[in-house]
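The chains referred to below are lettered A, B, ... by the order of the sequence lines, with proteins before strands, and numbering in each begins at 1. All of these numbers come straight from a predicted model, not from anything done at the bench.
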Number of protein chains: 2
Amino acid sequence: MASVTIKDIAQRANVSPATVSRVLNGRVWVSEEKRRAVNEWITKLGYKPNQVAQTLVGTRSFLFGLVVTDVSNPFFADIVKIVQQEAYLSGYGVVLCHTGASREMERQQIDSLLRRQVDGVIIVPSAPDAPGLVKLRKAHVPTVVVSQHHPGFDSVSVDHEAGGVMVAAHLLSAGHTSFAYFGKPDDAKLAGLRKEALSHGVSSDHIACVEVDYDSVETVDVEAAAKEFFHSATGRATTGIFALNDFVALAVINAAAECGRSTPEDLGVVGFDNTYLARIHRPALTSVVQPIPEMAHQAVELLKRRLNAAGPGSENSVAEPNAVLLHPRVVVRKSSSSRAESGELLEQGL
Amino acid sequence: MASVTIKDIAQRANVSPATVSRVLNGRVWVSEEKRRAVNEWITKLGYKPNQVAQTLVGTRSFLFGLVVTDVSNPFFADIVKIVQQEAYLSGYGVVLCHTGASREMERQQIDSLLRRQVDGVIIVPSAPDAPGLVKLRKAHVPTVVVSQHHPGFDSVSVDHEAGGVMVAAHLLSAGHTSFAYFGKPDDAKLAGLRKEALSHGVSSDHIACVEVDYDSVETVDVEAAAKEFFHSATGRATTGIFALNDFVALAVINAAAECGRSTPEDLGVVGFDNTYLARIHRPALTSVVQPIPEMAHQAVELLKRRLNAAGPGSENSVAEPNAVLLHPRVVVRKSSSSRAESGELLEQGL
DNA sequence: TTGAAAGCGTTACCAC
DNA sequence: GTGGTAACGCTTTCAA
């Protein structure tokens with residue numbers, strides 16, 4: 001019942017608990033003889049260090065908090081998966097939290113993380129203002145924000161505007177001259193799309209924005225909005241579609257089909273995130289890739305760097321926040337490739 | 001820097017640390033006067049109990065381990081999400097672990113959970129033998145197995161065989177008389193399909209099994225296997241398809257299309273899990289629903305029950321394991337509904 | 001009703 | 001090199 005402790009080992013090996021601790025941590029020299037004796041008993045009794053005690057004495061908890069809105073979204077799921085794996089490789093465990101869309105939930109979950117003494121937090125906010133961030137700042141908990149940039153925080157994100165530019169370039173080269181973006185009007189993706197389109201002589205009225213909700217796995221609202229759009233005058237005239245994520249893109253394709261507009265014959269559609277949805281759907285969906293493994297890796301790296309920087313040496317020297325900006329890439333598939341083949345990579349067989 | 005502790009409160013409120021602890025836990029009477037003073041300072045200083053210390057003294061860590069193979073699979077993602085939310089409502093945090101398909105990884109991750117003194121573990125094994133379970137058993141950590149049954153463990157799962165029966169009934173009523181199951185030959189889903197089909201006079205050679213891999217988000221292998229099947233003599237003759245999950249079902253639909261067999265005109269296809277993939281694909285996919293919220297809820301409940309049972313009162317009385325068996329349900333959509341409308345629910349508009 | 005004090009399992013500082 | 005021992009923040013006897 002009662003787990004085997006450092007004292008049990010000490011007793012059996014005829015050394016002090018301190019010595020056992022020393023061989024465990026290996027920072028200080030211990031005589032070969034005692035070291036062997038200790039190790040022997042450790043394996044013999046199956047001793048496993050109690051991380052809780054280790055945490056209490058002031059070293060670290062080796063626990064990260066990971067805060068997302070909804071793992072059901074495969075983009076988040078991939079991030080969660082890879083962050084967890086990366087963290088594990090560095091000896092950290094991951095406490096997962098969902099916030100839904102709720103600001104209140106975000107606050108509560110972050111409170112619970114703080115009580116648990118996590119060493120750091122990785123947060124993927126959905127709303128542009130993450131109310132939990134101020135708590136984290138106040139608690140001096142190293143934090144990195146993924147997929148958005150927040151002044152004063154470490155962050156790793158993808159250049160959404162550049163993504164928009166690439167999508168516009170792709171759709172233009174595929175022969176489209178009128179566009180609709182499905183997402184928030186203030187999104188950098190739209191800004192990029194608009195910038196590139198305008199610079200190619202597209203008139204501003206040929207760039208519409210259909211406002212739809214973020215991140216939800218439910219797409220009924222999106223389909224309704226899309227149908228309404230395709231029945232409108234502008235809707236009937238536009239052929240180049242860009243959506244804030246793959247879900248929305250597919251919902252738009254489906255809605256369009258019900259309005260008699262088929263993809264890719266009548267419409268060129270591009271999604272975002274390049275989740276497996278893009279691969280499995282027919283027509284397969286052109287989508288903008290976020291380099292998730294790279295993002296997750298950088299996030300964990302940034303956190304580890306902070307943790308080490310926060311060590312004894314540089315107590316108060318709050319280093320400048322690091323903002324890593326990664327570049328997107330577009331994977332061209334059927335949904336946007338009827339009119340012309342672009343130079344970008346087209347996945348085989350689709 | 002140094003967080004505010006119970007001693008700080010005690011000092012300010014002119015009481016002993018013990019008293020502060022008492023008002024915190026509220027199990028013992030403390031005079032109104034002191035109780036107010038303490039509470040006042042608690043809010044004034046923003047005191048938050050240190051769960052690590054609480055854990056060390058021998059109460060609980062209020063941490064569950066949650067072990068899955070891959071959150072990228074939306075079925076697992078939904079489980080993870082709801083388990084986390086349920087756990088949170090009961091005051092528990094969730095440490096997430098991925099095992100991929102690797103038995104070694106499973107062992108390692110579970111070791112790390114044990115070092116972290118988690119109060120219990122919820123595990124969704126992919127392989128029918130979960131090597132980590134023996135570790136958990138040895139460590140006397142309350143464990144509940146989700147989506148499979150393991151003798152000697154609490155478990156909550158869905159009756160896959162019943163699901164197979166329902167699918168067979170549905171496909172039969174839709175006019176299909178020859179079947180293929182995509183999955184493992186020893187799966188209860190296939191057993192159910194077979195049982196029901198045979199009992200309706202279908203001959204055994206009209207029930208094929210195409211063996212494909214579990215749970216991966218990658219479906220290229222599945223598509224290859226499916227194409228091979230549809231080019232074979234049996235393949236050409238079978239029209240009723242049942243797959244171990246929605247991914248595989250969609251891959252089969254896509255592969256079939258490339259072999260000139262369209263769904264639902266030539267094929268009736270049914271998936272499993274009823275993930276949003278089923279809803280968003282065209283044709284929309286008929287699928288067997290696992291009641292995930294119920295499963296997650298039960299899992300957390302079972303764990304809590306164990307934890308309380310393990311309390312001081314009944315130290316060694318290892319209660320009989322509970323095996324909760326839930327019933328599946330089939331949601332009929334386009335992919336299987338050309339030939340006849342069955343009596344089961346058909347989602348609107350699809 | 002309340003306070004003093006003994007741990008919980010580790011680490012780290014200080015002597016030897 | 002190594003052993004004693006005081007923390008870490010909290011809960012829980014045991015007295016008072």
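For the helix from C:dT1-D:dA16 to C:dC16-D:dG1, the angle separating the two terminal helix axes comes to 40°, with each axis derived from five pairs and the value rounded to 10°.
A donor-acceptor contact closer than 3.5 angstrom links the side chains of A:S16 and A:T19. For the residue pair A:Q109/B:Q84, the side-chain donor-acceptor check at 3.5 Å is satisfied. Side-chain atoms of B:K48 and B:S3 form no donor-acceptor pair, as typed in the model, at a separation below 3.5 Å. For the 3.5 Å distance criterion, the side chains of B:S155 and B:H149 qualify, holding a donor opposite an acceptor.
Here the C1' atom of nucleotide C:dG9 and the CZ atom of B:R115 are 15 Å apart, to the nearest Å. With rounding to whole Å, A:K34 atom NZ is found 5 Å from D:dT2 atom P. As a whole-Å value, the separation of B:L56 CG from C:dT10 P is 9 Å. A:Q117 places its CD atom 12 Å from the C1' atom of D:dC10, with the value rounded to the nearest Å. Computed from coordinates, the A:Q11 CD to C:dG9 P distance equals 13 Å when rounded to whole Å. Put simply, NZ on B:K7 is 9 Å from P on D:dC10, counting in whole angstrom units. In this structure, B:K48 atom NZ and D:dC10 atom P are separated by 13 Å, rounded to whole Å.
For residues 93-110 of chain A, the salt bridge (charged side-chain N to carboxylate O under 4.0 Å, His left out) pairs, not counting sequence neighbours, are A:R103-A:D129, A:E104-A:R107.
Heavy atoms of B:V52 sit nowhere under 4.0 angstrom from any nucleic acid atom. Within the 4.0 angstrom heavy-atom criterion, only backbone atoms of the sugar-phosphate kind lie near A:N14; the bases stay farther away.
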Query raised in the report: Could you run down nucleotides 11-16 of chain C 5' to 3' and tag each one B, S or - for protein heavy-atom contact under 4.0 Å?
Result: BBB---
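Where A:V28 and B:Q51 meet DNA chain D, the nucleotide closest to each residue was compared, and A:V28 sits on the side nearer the 5' end.
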Query raised in the report: Would A:N50 and B:Q117 satisfy side chain to side chain contact (heavy atoms under 4.5 Å, CB included), going step by step from the backbone distance to the final call?
Result: CA-CA 7 Å; A:N50 180 331; B:Q117 314 288 119; 3.7 Å; yes
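Test A:R306, A:K304, A:R60 against A:D119 for side chain to side chain contact (heavy atoms under 4.5 Å, CB included) and you get one pass: A:R60. A side chain to side chain contact (heavy atoms under 4.5 Å, CB included) with B:M295 is found for exactly one of B:V324, B:V124, B:V156, namely B:V156.
When the side-chain nitrogen and oxygen atoms of A:T5 are compared with OP1 and OP2 of C:dC8, none of them lie within a distance under 4.0 Å.
Ring planes of B:F64 and B:Y92: parallel class, angle under 30° (limits at 30 and 60°).
When distances run from any side-chain atom of A:N50 to the nucleotides C:dT10, C:dT1, D:dG4, the shortest one goes to C:dT10.
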